[in-house]
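To find a chain, count down the sequence lines: A is the first, B the second, and so on, and within it residues start at 1.
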Amino acid sequence: MRSIKAWMVILINLLVIVVMIILSLFFYQQFKQALDERVLLQLTSIKRLKRVQIEEYIQSQWNIFQTDTSDLNYFGSNGTFSSLVNESLDTECLKTIGILETEGVMDLSHCTTDSTILLAMVKKYNDSLWIKYLDQERIQHILLERSGMGETGETYLVGEDFRLRSKSRFFPDQNPLSIIARTEGVESSLAGTFGSNIIKDYRGVPVYSAYHRLDLTGVNWVILSEIDVEEGTIPLAKMRTKLVAIFILVTVVAMTLSLLLTNFFSKPLLQMRDLLTLMSKGSFDFKVVASNPSIEFQEMFSALDELKQSIQKAIRFSNEIGALNLKTTYPSNPQEDQLGKAMILMQERLNDYEHREKQNQLLAKKSLILGQEKERKRLSKELHDGLGPLLTSLKLNIQRTDVAPHVKTKLNQVIDQTIQEIRRMTYDLMPPALEDFGVGKAMSNFVSMISKSSGITIIFEDDTLPVDSKIGSDVDICLFRICQELINNSLKHADCQKIAITITEFEDKVSLFYFDDGKGFNTQEVKKGSGLRNIKERVAVFDGYVEVNSSHEGTQVEVEIPFS
Amino acid sequence: MNTIKVAIVDDHKLFREGLYSLLSSNESLEVIINVGNGQEFVEKLNHGIIPDIVLLDLTMPEMDGFEVLKLLQKQFPGVKSIALSMHDDGNYVVKCIKSGALGYLLKNTDEQELFRAIELVYQGEKYYNQEITNTIINTMSESGPQTKKLSPKEEEILALIAEGKTTKQIAHQLFISTRTVETHRVNIMKKLNAKNTAEMIKIAAKLDLIN
């Protein structure tokens, strides 16, 4: 497992290096081939030039020798050597090479006693043998002309016996005859084939060589122009150095570029990896910034950003749901969003649950309130219908007893007070008129009672239907209790002069409007368990609407209860 | 002087007995019926036992006081009734009067008041307990069935709308909430079959509901 960076660097550099090696090798080969051809061509032309010069020189000397007799050396006649122009010549040797039988140019080097190279022209004239030595220095001079031959270039002659016939450049002090050059060039030239090639020379050193047989009658010599491969390939070596330099340079550049490129491409990938790691750990508190200008990366990052945002939305939504804010809407199209679908399903379930819970609470509250009212009604009835008649019976009976009139009066007073007290208790528990006449009539009576006892003006407007009223007895009780509570509050706390109450029955609902001109209260600060809370609960039981406004100019309360 | 024939209809036996002995002590009174509910009373009447005055309890099982009053009005208009009740609520008085009772007494009434009431009613006058009567006045003013298409409140609001008053002004003036004013307005529009306020005013003017 390597990082993407390493992979990219390795692959890019591998590619560059392979291409570079192939190219270099190819160019090197091409160059080497061209260079070889070039060197050999040059050597061939030098060789040809020198060959022609030598041949021309010898030919011209021959021609002169044929016609001119002035400068001849007499050599002898009829098989005898009259004199030897050159004392170092071995006459016996000369005989074996057939000097007496032939005319022409002859190589006499074998027959010198001091082993010098000697080339002589021989002719028969007037039965005499004439001889003239060719100027060896002249030939040597031609051979030594070294223009275009560099440091190691040389042109030399080799005889039939594979011994050098000219001075070696490398062994100037050695006798050429003692140097044996049995080389490929010499051999093929003697066999009649000229040409050029890379071969080993007499030193055993690889050289470029151009070789040819000299076209001379009587002399079977080979001329060779050679230059060391080492020198000839100096440009090649230079080029190799350059190639290596270029190779290194390119490799370095490729390395640098690949690193840059790798960074360029891997940075967003690594960034993406880091962001995804963060996300997988559950952290979404980051900002997605595309670090690469290319379209694909931009798209990738914007996709990531969208992913992040949708997850964040889901998180926010979950938080809201968790905080039981069930009215929150999921801010995306959940068509393809599985998460969103699940979330919304969860929300719906929770909503259902909450709704049921609310229904249950409402039901519980309702049954509590209704139970309470039922109990009050029962108590009220029992007091009124049970105790009341007993007391009135007692009163009637007292009137028929034989007690002193003042005692009778006293007793009657006590009984009347008791009955009055029972009436008050009955009324407080549940005014009988509420059930018998509805909230409108019951309130009229209640209001006139309160108004009388408190001295405060209470205007009550009963706008309920006198016949066929749709207000049920539960709603009657509810509205009556609310009015009771509100009037109670106004009398106790509001310090008011006037109270106005209107109960209006509509087709589909009943509305209560309450107003006092008191000093008001802060609706936010009223204590829990206060009347206001009871009112709200009572209204909630009937799914009604309640609004309380209070200021220093007075308090307004409006209640609406729909008919179910 | 003829004795006044009295009927006692009350479900409470002790009270009934007390009342019976009290009335019996008065020589000008003769208790001819003494029953525990309306049903029994009606049976007596149907048997031809007709009292001058009936002292009628309102709350009874088997035909309560109000039902008896209605039946008397229809079938025995000659029988004068006095309601005897524990209720000191004016509404009961009003209902009794509407049902044809000529008197209304609280059960813990004094013997003097009781005799006076019987006497007055017998003479064709009416007697209602003084305390309660004072509280009736408010309640009385509310009566009378609504025969018009629009309720009085609606007519009032319609007039105010026609005057160009705003919902808030109307609400303030009539001690009702703006919400209620709006509801009234919608109801008026519904009743007049108007689509908007302007049309409502137009139709109302045509029907002489406003001037």
Report task. Classify the ring geometry between H384(A) and H87(B) as parallel (under 30°), tilted (30 to 60°) or perpendicular (over 60°). Result ->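 Rings of H384(A) and H87(B): parallel, under 30°.
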
Heavy-atom check, side chain of [X] versus side chain of [Y], under 4.5 Å:
X: M86(B); Y: I419(A); result: yes
X: K95(B); Y: K441(A); result: no
X: L390(A); Y: H12(B); result: yes

Chain B contact via [X] - side chain, backbone, both or neither, heavy atoms under 4.5 Å:
X: D416(A); answer: both
X: Y427(A); answer: side chain
X: K498(A); answer: side chain
X: Y545(A); answer: side chain
X: E558(A); answer: side chain

Query - Short side-chain to backbone donor-acceptor contact, N445(A) and D89(B), under 3.5 Å - result: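 Checked: no pair found.
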
Query - N/O donor-acceptor pair under 3.5 Å between T502(A) side chain and I176(B) backbone - result: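 Answer holds: no.
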
Does a sphere of radius 6.0 Å around [atom1] in [X] hold more than 12 heavy atoms from other residues, nucleotides or ligands, not counting ones at 6.0 Å or beyond?
X: E163(B); atom1: CD; value: yes
X: K5(B); atom1: NZ; value: no
X: F115(B); atom1: CZ; value: yes
X: E507(A); atom1: CD; value: no
X: H493(A); atom1: NE2; value: yes
X: K358(A); atom1: NZ; value: no

Query raised in the report: How far apart are the closest heavy atoms of N91(B) and A442(A), and which atoms are they?
Result: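 What the structure gives for the nearest pair is ND2-N, 3.9 Å.
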
**Report entry** Closest heavy-atom pair and its distance - F15(B), T392(A)
**Finding:**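 In terms of heavy atoms, the two residues are closest at CD1-OG1, 3.3 Å.
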
Query raised in the report: Is a salt bridge present between E547(A) and R179(B), judged by a nitrogen-to-oxygen distance below 4.0 Å?
Result: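 Looking at E547(A) and R179(B), the cut-off is not met.
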
Report task. Check each atom of D110(B) against the heavy atoms of chain A and say whether the ones under 4.5 Å are side chain, backbone, both or neither. Result ->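 Contact with chain A involves both backbone and side-chain atoms of D110(B).
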
Report task. Pick whichever of Q556(A), K395(A), R423(A) has the most heavy-atom pairs under 4.5 Å with chain B. Result ->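 That would be R423(A).
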
Requested in this report: Just give me the residue among I501(A), I422(A), T504(A), T426(A) that pairs up with chain B most often, heavy atom to heavy atom, under 4.5 Å.
Outcome: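 Option with the top pair count is T504(A).
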
What is the distance from atom [atom1] of [X] to atom [atom2] of [Y], rounded to the nearest 0.5 Å?
X: L396(A); Y: R16(B); atom1: CG; atom2: CZ; answer: 13.0 Å
X: L391(A); Y: K107(B); atom1: CG; atom2: NZ; answer: 11.5 Å
X: M60(B); Y: D385(A); atom1: CE; atom2: CG; answer: 12.0 Å

Report task. Say whether K509(A) and T183(B), considering side chains only, have a donor N or O and an acceptor N or O under 3.5 Å apart. Result ->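 A donor-acceptor contact under 3.5 Å links the two side chains.
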
Query raised in the report: Distance only, no hydrogens: is a donor on one side chain within 3.5 Å (strictly under) of an acceptor on the other, for T180(B) and S511(A)?
Result: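 Present: a donor and an acceptor within the cut-off.
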
Requested in this report: Output the option from N108(B), T59(B), L174(B), N187(B) having the highest count of non-hydrogen pairs under 4.5 Å with chain A.
Outcome: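 The answer is N108(B).
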
